[in-house]
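Here the structure comes first, spelled out in structure tokens, and everything after it is commentary.
Letters A, B, ... mirror the listed sequences (proteins, then strands); counts begin at 1.
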Protein chains: 2
Amino acid sequence: MQILVVEDEPRLAEAIAQILKEKKYMVDIANDGRDGYDLAVSGAYDCIILDVMLPIKDGYQVASDLRKEHIATPILMLTAKDTVADKVKGLDSGADDYMTKPFSPDELLARIRAMTRRQGEVVLDEISFEDLTLSLSAYNITCKDKSVHLNFKEFEILRILMSNPAAVVTKEDLIVKVWGYDSNAVDNNVEVYISFLRKKLEFIGSCVEITALRKIGYRLEVKKSAE
Amino acid sequence: MQILVVEDEPRLAEAIAQILKEKKYMVDIANDGRDGYDLAVSGAYDCIILDVMLPIKDGYQVASDLRKEHIATPILMLTAKDTVADKVKGLDSGADDYMTKPFSPDELLARIRAMTRRQGEVVLDEISFEDLTLSLSAYNITCKDKSVHLNFKEFEILRILMSNPAAVVTKEDLIVKVWGYDSNAVDNNVEVYISFLRKKLEFIGSCVEITALRKIGYRLEVKKSAE
DNA sequence: GAGGCCCTATGCAGATACTTGTTGTTGAAG
DNA sequence: CTTCAACAACAAGTATCTGCATAGGGCCTC
């Protein structure tokens, strides 16, 4: 975990660095706003601790310039200014959090944990099987660089197949899960959509195919090389 | 923008709600930890303001339970407890920010802005997609030199669409996030506002359009050149 | 009471979902 | 080896239902 400390007073900067290093964070220090900005635009840091009163370029400016460049690194602003107006200015210039000096090391660490925690959260947004990727938010399938949109029923069916690639899914299962247990859909309905899906898999050139196992159901498989 | 206030003292809850409503936030209030949790798990809120000392289930518990359920809604913890240990406990139980009473309304609002900003990776005051820019403070959209005002519902819908341009947003999602999860708005309401938005996009000559994907939802797309 | 905002109702167009029918495939019985 | 029944795939046609646009009415603010 990389942290950038932008602070012009060497002793304070060193003290903060020490606190962080003890917790195994990797720390870089910048002594003025310009250096801080230059380091931060790399996007290499997981968190930036930013003083407000800085030579050359103040903290508000640094934060706001970073946001303009679409650098989304969490910023914790750290300063002696404790009026509400200062806090509002800091937060609105792009900071995610604002702490006033003097501060407690434990609180600093807790706020860093809170800010960086969010970073690692991956939104489960897609399912993959071999070279095939199903996007749950965009409702399409992608293989290499080609992608194609799925309509509702196709999507639901493929999602069920892909969420359990090894398993064989019966038509009854599909009807219950896609059409609803009280529907009067017939097997042929499923066959029709399977056929649509096969066409789309073919179109994007995926190596995945939907195999029918007679009397049993459907399963995803990797195409045999000898086509 | 939906905000949940979890606070057992009715007068304070009402005061907070008032501050927020003035800024056009939609506010729900829960009076104890259990109700707060039940409302929050819906995932309908953009932000939760959470008191610590609550009947039935305290704020730490609520925050930590929500995180266990993978509800990532930003939480601002609000309490009279101001020791470092309390702050650490609050932040580590899942809160994103921690404010002590008494607090300034302006600071509260600034911290809410800071927390919700990250949601859509908004650069300060505006969101952009292709040639379209949505101003969060002026409630209007601009394309090249033309701009047009949006009313509240139009604005909220477009903000949601633009904050995640690749994703398909269902009508359900829009109803929950714009009308509130307990509203009885119907799909047609959404359709009407989508229709208004399209007219305004057309009017300012944007290359962005709102595409409907049947049975799935809406998505922003760039207009095909061959009109 | 004028104007803006929000919701409801309605007719229409077109995409989607389902049906039907033909052809192809499989496997077991004769 | 042939025949037949059961099952599967697919194309094409039809009907339904979703989504769109527009109009009108209630409500609130100014």
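- To the nearest angstrom, P of D/dC20 lies 15 Å from CD of B/Glu202.
- The phosphate of C/dA17 has OP1 or OP2 within less than 4.0 Å of a side-chain N or O from A/Asn151.
- When atom types are taken as modelled, the side chain of A/Arg111 and the backbone of B/Leu91 share no donor-acceptor pair closer than 3.5 angstrom.
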Can you tabulate the close N/O pairs, meaning under 3.5 Å, that link protein atoms to atoms of nucleotides 8-15 of chain C?
residue : atom : partner  : partner atom : Å
C/dT8   : OP2  : B/Asn189 : OD1          : 3.4
C/dT8   : OP2  : B/Asn189 : ND2          : 3.4
C/dA9   : N6   : B/Asn188 : OD1          : 3.4
C/dG14  : N2   : B/Arg214 : NH2          : 3.1

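- Residue B/Phe196 contributes atom CZ, which lies 9 Å from atom C1' of D/dT22 at whole-angstrom precision.
- Residue B/Ala212 places its side chain closer to D/dG19 than to any other of D/dC10, C/dA17, D/dG19.
- At least one donor-acceptor pair under 3.5 Å links the side chain of A/Asp96 to the backbone N or O of A/Ile75.
- Between the P atom of C/dC6 and the CD atom of B/Glu156 lies a distance of 10 Å, rounded to the nearest Å.
- Side-chain N/O atoms of B/Tyr193 include one lying less than 4.0 angstrom from OP1 or OP2 on C/dC7.
- If you take NZ of B/Lys200 and P of D/dC20, they are 17 Å apart, rounded to a whole angstrom.
- Remark: B/Lys215 is not in phosphate contact with C/dA17, judged by side-chain N or O atoms under 4.0 Å from OP1 or OP2.
- The closest donor-acceptor contact from the side chain of B/Gln61 to the backbone of B/Asp58 lies at 3.5 Å or more, if one exists at all.
- As a whole-Å value, the separation of A/Arg198 CZ from D/dA11 P is 12 Å.
- Using modelled atom types and a 3.5 Å distance limit, the side chains of A/Thr211 and A/Glu221 yield a donor-acceptor pair.
- Remark: A/Ser195 is not in phosphate contact with D/dA9, judged by side-chain N or O atoms under 4.0 Å from OP1 or OP2.
- At D/dA9, none of the side-chain N or O atoms of A/Lys199 fall inside 4.0 Å of OP1 or OP2 (strictly under the cut-off).
- Checking side-chain atoms of A/Arg67 against main-chain N and O of A/Ile71 turns up a donor-acceptor pair under 3.5 Å.
- The CD-P distance, from B/Glu191 to D/dC17, rounds to 15 Å in whole Å.
- For B/Phe196 and B/Tyr193, the distance between ring centers is under 6.0 angstrom.
- Contact annotation for A/Tyr218: backbone-only contact, meaning every heavy-atom pair under 4.0 Å involves sugar-phosphate atoms and none involves a base.
- Residue A/Trp179 places at least one side-chain N or O closer than 4.0 Å to OP1 or OP2 of C/dC18.
- In this structure, B/Asp187 atom CG and D/dC20 atom C1' are separated by 13 Å, rounded to whole Å.
- The ring-ring contact (aromatic ring centres under 6.0 Å, His included) test applied to B/Phe203 returns no partner, not counting sequence neighbours.
- Between the NZ atom of B/Lys153 and the C1' atom of C/dG4 there is a distance of 14 Å, rounded to whole Å.
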